[in-house]
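What follows is a short report on a single structure.
Naming convention: chains lettered A, B, ... in sequence-line order (proteins, then strands); numbering from 1 in each chain. All values below come from the heavy atoms of this structure, side chains included, with hydrogens, waters and symmetry mates left out.
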Amino acid sequence: MDTYDATAIETKWQRVWDDAKAFHVSNEETQPKSYVLEMLPYPSGTLHMGHLLVYTIGDVVTRFRARNGRHVLHPQGFDSFGLPAENAAIRDGVHPRDSTERNIEHITRSMRRMGWAYDWSRSLSTHDPEYYRWQQWQFLRFLERGLAYRKGAPVKWCPNDQTVLANEQVLADGTCERCGAVVESRVMEQWFFRITDYAQALLDDLETVDWPESIKARQRNWIGRSEGAEILFRIEELDEDIPVFTTRPDTLYGATFFVLAPEHELVARIESSEVREYVRRAAAKKTAERAAATEKTGVFTGLHAVNPVNGEQLPVYVADYVLTDYGTGAIMAVPAHDQRDFDFATAFDLAVRQVVRPPDGDVDETVAYVEHAEGEVLVNSKEFDGLPAVEGGLKIAEKLAAEGRGRFAVNYRLRDWGFSRQRYWGCPIPVVYCDACGIVPVPDDELPVLLPDVEDFKPKGVPPLAQAEDWVNVPCPRCGGAATRETETMDTFVDSSWYFLRYCDARNSSAPFDRAPVDYWNPVDLYIGGVDHATMHMIYARFWVKVLNDLGMLGFREPFAQFFSNGWVTLGKVKMSKRAGNIVGPDDFIERYGADACRLNILFLGPANEDMEWTETSVEAMARFVRRLWTVVSEVAESAPAGDPEGGALARKAHATIAKVTDDIGRRFAFNTAIAAVMELVNELSRDRAGRDARFAAETAVSLIQPYAPHAAEELWARLGRERLWEAPWPVADPAMLEVETVEIPVQVDGRIRDRLHVPPGTVKEELIALALASERVQTYLDGREIERTIVVPGKLVNFVT
RNA sequence: GCGGAUGUGGCGGAAUUGGUAGACGCGCACGGUUCAGGUCCGUGUGCCCGUAAGGGCGUGGAGGUUCAAGUCCUCUCAUCCGCACCA
């Protein structure tokens, strides 16, 4: 028997698939379609075991569906703009394009070496002008619709590096991760997408997708809808009506003070050095520090806000426990019924007035009563006294609405998506600033606005692109006067919000894509990726699709019909990542054990949707399994006769395995147990290698393992005298062959197993009882005792209760 | 604090609908093949008592429902993840 040479066999079949364009698909409808997609990789140095997991899951599903009569689209590309390449450029002076393209080349080689079945003809890289050209084009459509706009918003700013920092660049102690300087907050004009217009749709349409509940919960939480009322409080001193949002209009009579967030726009108008000093300190406070603070801080402004419901003058404070970006940035404080307000009132010796009386409870103003309970009623609330809290809240809101001082309101935690970045390595935003015309879009026929080369990638108070003066200074497209280009670039989440659409029409040079192929393939039937993208990426992509649908560019509202969230591959219980510095790459293992063993191993480690610890010894075990399969099947191919199976135990086992593996891959995504089932079949086959059933079992094992170990399977399929396994129909279990000859029925006495019967399936209840009672062992335990009940579950068990 | 998950042999895990707990693999032990082997083949392997037959215990912990619970209910402990002063 020849020995199994993984490298030779894997290389051979990869070439065969390439030459046959085995996984290239047309946009013509032939069979029912299936779009299988994994989140595209960021091309950092190399692949790691986390990538191996996601892409092998997608590959198994792809190969399985292709053999089950589906026309499967399975593309791959690169999310190639982004911060790491830019940081590397600053550090090493290598142009991000060079390092990125080198990485893409390397990763592509690894991916091909893994034997993943991609339609490479549709591949894309987001830094390719042919890609970002159409992103700029779509941005201009958003701009026309008013869905992209500019506004001032606070950013984290490093005074030393003179640049905006991403959250992940700020350390827990509030310093810059690169230089250690204390990070500041600074208000800057930035670009935003009006995703909040779609908040309700994003929430509602979650009902229409087949995602894990936990992922939906995260999105709901992120969108954060809450119902309540918006109420106007008047501050006479400023001649302003200040709106506040509250979920508890029923507690309005309990408001005893009023709080503005330090960043609230009106705070700047308060002439008080004490307030200015507090605001300055609050701005310098780091998120972590602010969150860790248990004591409430704040300062009285000298102003008063009028409670519209009773005309009371409430002292106005500025305090950093009120957030500027939630609600309206101002609150009515009801210490009796909100823990935070209560803590503040305690610290500042402010009045506490209880207005909701707990059921069977007395008014107790020494604690905050925040929960809701059946039977609570309003007190100290004038004409609303005695009403149940919820009803009272409605009545109070109605009264205010009638007076023009309030309205029912829905508030979302979701905020508009700030997408401009003061970075070099990103998609240029195609607008020009003209003194005369303002913000002027670059005309469609001048796209793409190419990313120019610059000398230095380091920001110097202005984005790196500002250095490219020849590029920056352009005539205004509208008036022809002097103008300058936008020097900020887009967030890479924009790049990944529509790449799955571009795959459907990847080489289109006159539009982002045509509607027909996109409508044919979408929505993505199975999207696979990590939970870390469950909120941002997957909300932005959903938003993008909804907008394009409103623009008439496509005919669906949700991009990802089903989502499979894969677990993390850990090493030392820490998520494997470049950042954690615990990367183990597949290249070395492919070299030593072969791609098939690596593919099997990553899926055999455990359930694919749970975290799994990487272990090296198990790759060896999988290599052993492949070798064993190789030896046994090769022998059977040489010696066992062909022809219809005889229908013996081995043939039955083969059919049972078909049923199990089909269900595990097709319905349960239980990739580990499918492998175990094939192992069982191979174990039985190795004990009985002669006869037509053996040949049938061998063919079945090879056919079923093909999604996992396509190379070895293909070679063995050829040895069995068959060809083109990648497109061979998936085997079908014969229901008649799933019938087993005997079943084992445990017989219990008082719930303890005392004997086991071996009977044909379908043995009726009466016969089971008779056989059970006939058992000597059972009789010993019954020992003349009276049987009170007899429980029989045909096919499962018999239980005598005494 | 709120939300989401997870706890099963020495280890990774299986048990899909309340019905035989521990499939499959690793490791380990013993035996065989081999010049040798980090190869391959076979047998055994949850824990305790027992030479054995057999018996008892057993799914983080404590209760409960049920003829029957890893699975359902209540409480509790531990670990991980997400959001975090959300008005």
Measuring only the [atom1] atom in each nucleotide, how far is [N] from [M]? A whole number of Å is fine.
N	M	atom1	value
B/U79	B/C67	P	38 Å
B/C24	B/U76	C1'	34 Å
B/U8	B/G70	P	15 Å
B/U66	B/U51	P	42 Å
B/A29	B/G19	C1'	35 Å
B/U6	B/U74	P	16 Å
B/A68	B/G10	C1'	31 Å
B/A23	B/G46	P	8 Å

Between [N] and [X], is there an OP1 or OP2 to side-chain N/O distance shorter than 4.0 Å?
X	N	value
A/Y326	B/C83	no
A/N672	B/A14	yes
A/R789	B/A68	no
A/N683	B/G25	yes
A/R220	B/G82	no
A/R668	B/A15	yes
A/R225	B/C86	no

Whole angstrom value for the distance that separates [atom2] of [N] from [atom1] of [X]:
X	N	atom1	atom2	value
A/R248	B/A87	CZ	P	11 Å
A/L768	B/U20	CG	C1'	14 Å
A/W222	B/A84	CH2	C1'	11 Å
A/E616	B/G25	CD	P	21 Å
A/E213	B/G3	CD	C1'	13 Å
A/K765	B/G19	NZ	C1'	14 Å
A/M332	B/A87	CE	P	12 Å
A/D611	B/A5	CG	P	14 Å

Hydrogens and angles aside, do [X] and [Y] bring a side-chain donor and acceptor to less than 3.5 Å of each other?
X	Y	answer
A/D755	A/S775	yes
A/Y278	A/T297	yes
A/R789	A/N799	no
A/Q200	A/Y412	yes

Q) Is the glycosidic torsion of B/G9 within 90° of 0, making it syn, or is it anti? A)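 Classified syn.
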Under 4.0 Å, heavy atoms only, any strand: does [X] hit a base, just the sugar-phosphate, or nothing?
X	answer
A/R754	sugar-phosphate
A/R624	sugar-phosphate
A/R752	sugar-phosphate
A/I791	base
A/D341	nothing
A/D338	nothing
A/E680	sugar-phosphate
A/T615	nothing
A/L797	base
A/T617	sugar-phosphate
A/K660	base
A/Y781	sugar-phosphate

Using purine N1 to pyrimidine N3 plus N6-O4 or O6-N4 for Watson-Crick, or N1-O2 and O6-N3 for G-U wobble, both under 3.5 Å, which nucleotide pairs with [N]?
N	answer
B/G3	B/C81
B/C30	B/G42
B/A15	none
B/G50	none
B/G58	none
B/A36	none
B/C72	B/G64
B/U20	none

Q) Around atom CD of A/E265, are there more than 12 heavy atoms of other residues, nucleotides or ligands at under 6.0 Å? A)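 No - once you tally the heavy atoms of other residues, nucleotides and ligands closer than 6.0 Å, there are 12 at most.
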Q: Ignoring the backbone of A/R218, work out which of B/C85, B/G82, B/C24 is nearest its side chain.
A: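 Within the option list, the nearest is B/G82.
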Q: Look at the side chain of A/P746 and decide which nucleotide, out of B/U20, B/C86, B/A68, has an atom nearest to it.
A: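 My answer, after comparing the listed nucleotides, is B/U20.
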(Q) Can you tell me how the ring of A/H537 sits relative to the ring of A/H533, calling it parallel under 30°, perpendicular over 60° and tilted otherwise? (A)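 Taking A/H533 first and then A/H537, their aromatic rings stand perpendicular (interplane angle over 60°).
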**Q.** Pairwise 5' ranking along RNA chain B for A/R340 and A/A670, keeping only the more 5' one
**A.**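 Its nucleotide being nearer the 5' end, the pick is A/A670.
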Q.
On RNA chain B, does the nearest nucleotide to A/R777 precede the nearest nucleotide to A/V801 from the 5' side, or the other way round? Give the residue.
A.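 Here A/R777 is the residue nearer the 5' end.
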Q) Does the salt bridge (Lys or Arg N to Asp or Glu O under 4.0 Å) test come out yes or no for A/K660 and A/E680, once each step is laid out? A) CA-CA 11 Å; A/K660 168 77 175 156; A/E680 282 187 58; over 6 Å; no
Q: Tell me whether the centres of the aromatic rings in A/F257 and A/F348 are closer together than 6.0 Å.
A: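 Not under 6.0 Å, so no.
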(Q) Once hydrogens and angles are ignored, does a donor-acceptor distance under 3.5 Å link the base of B/U17 to the side chain of A/K796? (A)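 Flag unset: no donor-acceptor pair detected.
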Q. Per the atom types in the model, does the base of B/U39 pair as donor or acceptor with the side chain of A/R627 at under 3.5 Å?
A.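 Side chain to base: no pair present.
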What pairs of donor and acceptor atoms, side-chain ones from residues 757-767 of chain A against any protein atom, are under 3.5 angstrom apart with sequence neighbours left out?
from, atom 1, to, atom 2, distance (Å)
A/T763, OG1, A/P760, O, 2.5

Q. Quick one: is the NZ or CZ of A/R628 closer than 6.0 Å to the six-membered ring centre of A/F625, and within 45° of its axis?
A.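 No cation-pi geometry.
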